[in-house]
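Written below as structure tokens is the structure these notes are about.
Since this is a predicted model, take the numbers as computed values, not measurements. The residues of the chain are indexed from 1 along the displayed sequence. Atoms within a ligand are numbered from 1 in the order they appear, just like the ligands themselves.
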Amino acid sequence: MARAVASVATDDSDAASGFVLDEGFERFSQVDDVFSRSSWDERIRSEKSAKFYATYRRPLANWKSAPGFQQRDYAFRNAAWHVTDLIAAFDGESRNRDGFLDPLSALQDGPDERIQIGTPADAAKEIKHIAKAVGADLVGITAFDERWVYTERFDPGAEGPRPNPLPEGLEHCIMIGQAMDPDLIQTAPSALAGASTGLGYSHDVVVLLTLAQYIKNLGYEAVASMNDTALAIPLAIKAGLGEYGKHGLLITPEFGPSLRLGKIFTDMPLAHDKPIDFGVKQMCNMCNACSKACPSKAIPDNEPNNRLHNRSNISGITKWSIDGEKCFGYWSKINSDCSVCIRACPYTRDYRSRRNRVWLRLSKRLPKLALRLDRREGGGERKAAVEWWPVEIKPRE
Ligand code: B12
Ligand code: SF4
Ligand code: SF4
């Protein structure tokens, strides 16, 4: 299958965001992400990957006896996904799941005339206020940036590309962060930990739909998007939600990397946020906890570079990159998604505790010491799934 069409120029905000693009840059096509490739590419598609997806839809015939992979673990994981799955199926017969292959379509048109809400700074303040009231854990706003928009959407019916249209004039992007349950994450790898993913999406869906409908009710355009349409991480960095880590994920000062991202493209005039720096790069330069912990060896412990592991990496950017084929291969083996890299990262901690907020301040000034403290405290260690459940039950023989 052909790669995406080349385009692009460097943006003025790249230096502040820490983005390094070169002439080899090409926008990414969703056809090339690992999930799409598990439909059309024999390098990824296998009986195991088919079984992996099937466990999200119907019960396994034989449950595993390993703790964290038993019937109730899968029952909870799939229940956590339920609201997301209902919304994903909203546009009927289509296999282009809303929120994954298409934007969320469960929205109504607003009035023709637009309600003015003061300056862009006032409007941004109001949007953040509403987003928080609806349940968003983090909100940041940035300019629309076509470089991170997929060149094509994936069409599972045709197993190939289809257009990725966005209305003209959506100059602003609201980034939403939804925390993932830290207690569930600590049990990764497990189907139980997969419930934190499902819950993250289900909360995200409610926040995105409500906020987008509010914007539409004011007479503006709003396109609500989860994993579809565009790459979330570079937009979230630009919107000041956090910094980029060696494990290839956004790290925030509020939840570390333990969060899910959503976005709303809009033409409502909004003031933009600025990228932040709280010392992640220095920390990642001396830490390799994610790389060491990754069960599939998908996270290299190296300097940022522009090498590609395979066609599932975007090209022409100097950054840390993971090998998505290895990562997804592991998911197919365990019949659930994995969050070990989130669990292992020293930034994943409960910042409601004063002690952890002090740790975060220390991590910026003295990262080596902060890292030693984290390891001494047993940071990143796996908790037994049975400890999460209030009642112990014996697995079926
Ligand atoms: C496809 C996908 C995957 C695939 C495959 C990735 C691939 N290479 O194909 C696999 C199965 C590996 C995967 C795994 C996970 N994923 Co994932 N994934 C996505 C998805 C849907 C699309 C990303 C994509 O198209 N990647 C393909 C190319 C672009 O990959 P790449 O070149 O390696 O680039 C990656 C990063 O470098 C970064 N990135 C891309 N462009 C640029 C540019 C700059 C300048 C920078 C700094 C970074 C950057 O984003 C890419 C993320 O894959 C996004 C949602 C979205 N639309 O962004 C979620 C997303 C990135 N995943 C997410 C998560 C949480 C996970 C997992 C922890 C699983 C879980 N429990 O949820 C693991 C972590 C693996 C890891 N360490 O990265 C979150 C990340 C949240 C965060 N804190 O950053 C996202 C945003 C989903 C969400 N709605 O929140 N994922
Ligand atoms: S999700 Fe698991 S397998 Fe994938 S990169 Fe993270 S630790 Fe490795
Ligand atoms: S585990 Fe360590 S190296 Fe990996 S992203 Fe977190 S801080 Fe960086």
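- For ligand 2, the atoms closer than 4.0 angstrom to any heavy atom of Cys338 are 1 (S), 2 (Fe), 3 (S), 7 (S).
- Under the ring pair (Phe, Tyr, Trp, His ring centres under 6.0 Å) criterion, Phe90 pairs with no residue at all, not counting sequence neighbours.
- In this structure, Tyr330 has no ring pair (Phe, Tyr, Trp, His ring centres under 6.0 Å) partners at least two apart in sequence or on a different chain.
- Surrounding CZ of Arg114 are more than 12 heavy atoms belonging to other residues, nucleotides or ligands, all under 6.0 Å away.
- Between Arg153 and Asp102 the shortest side-chain heavy-atom distance falls below 4.5 Å.
- If you look at ligand 1, the protein residues with a non-hydrogen atom under 4.0 Å away are Phe19, Phe28, Asp33, Val34, Phe35, Trp148, Tyr150, Thr197, Tyr201, Asn227, Ala230, Leu231, Ala232, Ile233, Pro234, Ile237, Tyr244, His247, Gly248, Leu249, Leu250, Pro257, Leu259, Arg260, Leu261, Ser312, Asn313, Ile314, Ile317, Lys319, Trp320, Ile322, Gly324, Cys327, Trp331, Asp337, Cys338, Ser339, Cys341, Ile342.
- Protein residues with a heavy atom under 4.0 Å from ligand 3 are Lys246, His247, Ile251, Met283, Cys284, Cys287, Ala289, Cys290, Cys345, Pro346, Tyr347.
- At least one donor-acceptor pair closer than 3.5 Å links the side chain of Lys246 to the backbone N or O of Cys287.
- Between Tyr201 and Trp81, the two ring planes are tilted [angle within 30° to 60°].
- Using a 4.5 Å heavy-atom threshold, the side chains of Arg382 and Pro189 count as touching.
- Using the six-membered ring where Trp is involved, Phe328 and Tyr53 have ring planes that are tilted, between 30° and 60° apart.
- Proximity of Ser315 to Phe25: side-chain heavy atoms (C-beta onward) are nowhere separated by under 4.5 Å.
- Counting only heavy atoms from C-beta outward, the side chains of Ser258 and Arg349 never approach each other to under 4.5 Å.
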